[in-house]
Amino acid sequence: MKRIALLGATGSIGRQALEIIGAHPELELVAAASGSQPIDGVAPLTQVGGDLTDLLERARPDVVLNAVVGFAGLPATLWALERGIDLALANKESLVAAGELATSAWQRGGGRLLPVDSEHSAAYQCLESREPGTVHSLVLTASGGPFRGRSREELADVTPAEALAHPTWNMGPKITIDSATLANKGLELIEAHFLFGLEYERLEVVVHPTSTVHALVRFHDGAALAHLGYPDMRVPISFALTYPERTATPVPPLDLSVGLTLEFEAPDLETFPLLTLARQAGKQAGTYPCAFNAANEVAVAAFLEGRLPFLGIAETVEETLASVDGAPARELSELFEADAEARRLAERTAATA
Ligand code: MG
């Protein structure tokens, strides 16, 4: 039996995880948490909001599935990594914002960090048991979101409803907006850097509209390994929860008999500047990635509430990054300060946009 603690049980990942746990008697849900929705009876131990590490202390899980949205997922990520408890990580923001603190905790704890992000789960599988020196580069694919092919001018007046209509993946609102701006792929670049220890020069993003190839690893000998499948988050969730068993899911294997065309193109960095801003923030290191994430969370919330135009999301993040000092956080309290400062700056910028 594997004892699972599910954080973010009422979101898109959480609901799909409940389906997978329900289908596998060897997976025991010992605790579940949500941000605000009632979840009484979902698990023996439940919690709504508050400090989730209290719940984890009581639950003593073997695996923590962290599917909280945003920076709020950070304490649970650090709790699991520090203790060497397997972490199935759907909360990419915690690894982006606290990359250096999280990787140190991971090294001290010595547990597994299994990504529940489709691209990173795919990359993990392509990279598993390879010698790091054999890897040339990692390619993360992006669907391009609902606004692929549009110009900047055509994005000036888009509404939250238009931005929430994702062409291939069915996900929660925060990540769907991040997909429309390509901020999600920016967060994923930084996530990949910390997960796989690859320099940013070795991380590439390509647009691949059907989301069939989830990641591709190039090796120095000229070979490349790709991970293919239908875009369905139950696959990476199941991979992480049942690792290393790779148990069956309701998702059918890829059918090639109907014909399969794979198209790739370079991302439009001029129309979607958040990808470049994320790469720069990642390279600048320190608390720049934390500030990128904080400003993006603030700007996305403002856009969803109708307080900020779509193009204002990138402008808010760019101005915030230009205003912070980005100094490394030596401890968690300094990271919280950097996050709070970036949020203050971003709120001010968004209010005047
Ligand atoms: Mg992803």
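Heavy-atom basis, side chains included; hydrogens, waters and symmetry copies ignored. Treat the numbers as computed from the prediction; the structure is a model and nothing was measured.
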Rounded distance [0.5 Å steps], CZ in R202 versus CZ in F196
15.0 Å
Here the pair of heavy atoms bringing V69 nearest to N91 is C-ND2, 3.9 Å
Y243 ring center within less than 6.0 Å of F239 ring center:
yes
Judged by atom type as modelled, is there a donor-acceptor pair below 3.5 Å linking the side chain of E318 to the main-chain atoms of T320?
no
Between E57 and R83, does at least one N-O distance fall below 4.0 Å, as a salt bridge requires?
yes
Can you check whether L189's main-chain N or O pairs, donor with acceptor, with R279's side chain at less than 3.5 Å?
no
May I ask you to test the L182-L274 pair for a side-chain heavy-atom distance under 4.5 Å?
no
Cationic N near anionic O, under 4.0 Å, R58 to D54:
no
Using a distance-only test with no angle check, is there a side-chain donor-acceptor pair under 3.5 angstrom linking S34 and T10?
no
Any donor and acceptor pair, going by atom type alone, linking the side chain of H214 with main-chain N or O of L228 inside 3.5 Å?
no
Could you report the tightest heavy-atom contact between W106 and L195, atom names first, then the distance?
CH2-O, 3.6 Å
Pair T247-E245, side-chain donor/acceptor within less than 3.5 Å
no
What distance separates R218 CZ from C126 SG, expressed to the nearest 0.5 Å?
12.5 Å
Side chains of T103 and Q107: any donor to acceptor distance under 3.5 Å?
no
D255 backbone acceptor or donor facing Y230 side chain under 3.5 Å:
yes
If you draw a 6.0 Å radius around CZ in R60, do more than 12 non-hydrogen atoms from other residues or ligands fall strictly inside?
no
Quick one: does any side-chain atom of D178 pair with a main-chain N or O of A183 as donor and acceptor, under 3.5 Å?
no
Please confirm whether the backbone N or O of K2 pairs with a side-chain atom of D62, one donor and one acceptor, at under 3.5 Å?
no
Can you find a heavy atom in the side chain of L89 that is under 4.5 Å from one in the side chain of H120?
no
Least distance between heavy atoms, F194 atom then V96 atom:
CE1-O, 4.4 Å
Distance-only, no hydrogens or angles: does the D86 side chain make a donor-acceptor pair with backbone N or O of L114 under 3.5 Å?
no
With no hydrogens and no angle check, is any side-chain donor or acceptor of S121 less than 3.5 Å from a backbone partner on D117?
no
Could you tell me whether K185 and E188 make a salt bridge, using a distance below 4.0 angstrom between a side-chain N and a carboxylate O?
yes
Tell me whether E201 at atom CD has more than 12 heavy atoms from other residues, nucleotides or ligands lying less than 6.0 Å away.
yes
Is the shortest side-chain heavy-atom distance between K174 and N296 below 4.5 Å?
yes
CD/E128: more than 12 non-hydrogen atoms of other groups inside 6.0 Å:
yes
Is there a donor-acceptor contact under 3.5 Å from the side chain of T271 to the main chain of D268?
no
Output yes when a side-chain donor or acceptor of H227 lies under 3.5 Å from a complementary backbone atom of V213, and no otherwise.
no
Worked verdict on E347 versus R344 for salt bridge (Lys or Arg N to Asp or Glu O under 4.0 Å)
CA-CA 5 Å; E347 288 288 4; R344 267 195 301 276; over 6 Å; no
Salt bridge (Lys or Arg N to Asp or Glu O under 4.0 Å) between E270 and R152, worked out
CA-CA 8 Å; E270 197 184 322; R152 269 187 77 75; over 6 Å; no
Residues two or more places apart in sequence or in another chain: which of them pass salt bridge (Lys or Arg N to Asp or Glu O under 4.0 Å) with E154?
none
Counting only heavy atoms from other residues, nucleotides and ligands, does the tally under 6.0 Å from CG of D157 exceed 12?
no
Can you name the nearest heavy-atom pair linking N66 to A76, along with the distance?
ND2-CB, 4.0 Å
Do H166 and S143 meet the criterion of a side-chain donor-acceptor pair at a distance under 3.5 Å?
yes
Looking only at heavy atoms, what is the nearest atom pair of V317 and L277, with distance?
CG1-CD1, 4.4 Å
